[in-house]
A.B. asks: 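Mind looking over this structure? Questions follow.
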Amino acid sequence: RSLDVNFGAVLHVSQIVARQMIAQGLPGAIVNVSSQASKRALRDHAVYCSTKSALDMLSKVMAMELGPHKIRVNTVNPTVVMTDMGRINWSDPQKSAAMMNRIPLGKFAEVDDVVNSILFLLSDKSAMTTGSSLMVDGGFLVS
C-alpha cells in the first residue's frame with residue numbers, strides 16, 4: 001500500500017499532468033513531496049524510506065525527460081511535519097527525543113515550512129532548479 005501511495009500515485013498523476021502540459025505547450029513545474037527518510041536509513045522504516053528514495057529518483061528522471069518541454073521537476077524533503085497526525089505521533093518527548101536531538105535547529109517542521117518551500121520551487125524564483133531535492137529538515141541530514 002505504501003508503494004502505491006508514495007510512489008505509484010505520484011507516477012500516474014505526474015504522467016497525466018505532464019501530458020496535459022506538453023499537449024498545451026505549457027511550461028511549468030512539478031513538485032513532489034518526499035522525505036528526509038529518502039536520504040537516510042531509519043530503523044523500522046524500510047518500506048517508507050525505500051518508497052521516498054524511489055520518488056526522488058522518479059523526480060530526477062522526470063526532470064531530465066520533461067526539461068526539453070520547459071517543465072521543471074523537484075522534490076521537497078521534510079523532516080517530521082507538525083500536522084495533526086505529526087503532533088499525535090511525535091508530541092511524546094520520550095519518543096521524539098532521538099529524532100529531535102539530531103536536528104540542529106531543535107524543532108520539527110511546521111506545515112508552512114513545507115508549503116513555502118513548495119511555493120518557491122513552483123515559482124519563477126527557482127527557474128533554473130530542476131532535478132533537485134530541497135531538504136526542509138532543520139539540518140537533520142548534516143548532523
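This structure is a prediction, so every number in the text was calculated from the model and none was measured.
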A.B. asks: According to side-chain contact (heavy atoms from CB on, under 4.5 Å), who are the partners of Ser35, at least two apart in sequence or on a separate chain?
C.D. replies: Ala37, Tyr48, Lys52
A.B. asks: Check whether any side-chain heavy atom of Val73 sits under 4.5 Å from a side-chain heavy atom of Asn32, and report yes or no.
C.D. replies: yes
A.B. asks: If I take atom NE2 from residue His69 and atom CZ from residue Arg19, how far apart are they, to the nearest 0.5 angstrom?
C.D. replies: 11.5 Å
A.B. asks: Tell me whether Val17 is reachable from Val10 by hopping between hydrophobic residues (I, L, V, M, F, W, Y) whose side-chain heavy atoms are closer than 4.5 Å.
C.D. replies: yes
A.B. asks: Counting only heavy atoms not in Lys39 (residues, nucleotides, ligands), do more than 12 fall under 6.0 Å from its NZ?
C.D. replies: yes
A.B. asks: Can you hop from Leu11 to Leu66 via hydrophobic side chains spaced under 4.5 Å?
C.D. replies: yes
A.B. asks: To the nearest 0.5 Å, what is the distance between CD on Gln36 and SG on Cys49?
C.D. replies: 9.0 Å
A.B. asks: Considering all heavy atoms of both residues, which atom of Val80 and which atom of Trp90 are nearest to each other, and what is their separation?
C.D. replies: CG1-CD1, 3.4 Å
A.B. asks: Below 4.5 Å, heavy atoms only, C-beta onward: do Phe140 and Met135 meet side chain to side chain?
C.D. replies: no
A.B. asks: How close do Ser126 and Leu121 get, heavy atom to heavy atom, and via which atoms?
C.D. replies: OG-O, 3.1 Å
A.B. asks: Do Asn89 and Lys95 have side chains that approach each other closer than 4.5 Å (heavy atoms only, starting at C-beta)?
C.D. replies: yes
A.B. asks: Would a 4.5 Å heavy-atom cut-off, applied to side chains only, mark Ile118 and Val33 as touching?
C.D. replies: yes
A.B. asks: Quick check: closest heavy atoms across Arg72 and Thr130, and the distance to 0.1 Å?
C.D. replies: CA-OG1, 3.3 Å
A.B. asks: Quick one: OG1 on Thr75 to CE on Met57, what's the gap to the nearest 0.5 Å?
C.D. replies: 11.0 Å
A.B. asks: Are side-chain N/O atoms of Ser38 and Asn77 paired as donor and acceptor at under 3.5 Å?
C.D. replies: yes
A.B. asks: Would Met62 and Leu3 show up in the same hydrophobic cluster when neighbours are defined by side-chain heavy atoms closer than 4.5 Å?
C.D. replies: yes
A.B. asks: What is the minimum heavy-atom distance between Ser34 and Pro78, and which atoms define it?
C.D. replies: O-CD, 3.5 Å
A.B. asks: How far does CE of Met64 sit from OG of Ser59, to the nearest 0.5 angstrom?
C.D. replies: 12.5 Å
A.B. asks: Can you measure from OG (Ser14) to CG (Leu58) and round to the nearest 0.5 angstrom?
C.D. replies: 6.0 Å
A.B. asks: How long is the gap from CD1 on Ile103 to CG on Leu141, to the nearest 0.5 Å?
C.D. replies: 9.5 Å
A.B. asks: Have a look at Phe108 and tell me which of Val81, Thr79, Asp137 forms a side-chain contact (heavy atoms from CB on, under 4.5 Å) with it.
C.D. replies: Thr79
A.B. asks: Closer than 3.5 angstrom, by distance alone: can the side chain of Asn74 be matched with the main-chain N or O of Ser133 as a donor-acceptor pair?
C.D. replies: no
A.B. asks: Group every Ile, Leu, Val, Met, Phe, Trp and Tyr by side-chain heavy-atom contacts under 4.5 Å, then state whether Val136 and Met82 land in the same group.
C.D. replies: no
A.B. asks: For residues 96-121, which residue pairs pass the side-chain hydrogen bond (donor to acceptor under 3.5 Å, both in side chains) check, not counting sequence neighbours?
C.D. replies: Arg87-Glu110
A.B. asks: List the atom of Ile71, the atom of Ala18, and the distance in Å for their closest heavy-atom pair.
C.D. replies: CD1-O, 4.4 Å
A.B. asks: Answer yes if Val114 and Val111 sit in the same cluster of Ile, Leu, Val, Met, Phe, Trp and Tyr residues linked by side chain heavy atoms under 4.5 Å apart, and no otherwise.
C.D. replies: yes
A.B. asks: Under 6.0 Å from the CG atom of Asp124, do we count more than 12 heavy atoms belonging to anything else shown?
C.D. replies: no
A.B. asks: With distance as the sole test, does His45 use its side chain to make a donor-acceptor pair with the main-chain N or O of Arg43 at under 3.5 Å?
C.D. replies: yes
A.B. asks: So which atom in Asn6 and which in Leu55 form the shortest heavy-atom distance, rounded to 0.1 Å?
C.D. replies: O-CD2, 3.9 Å
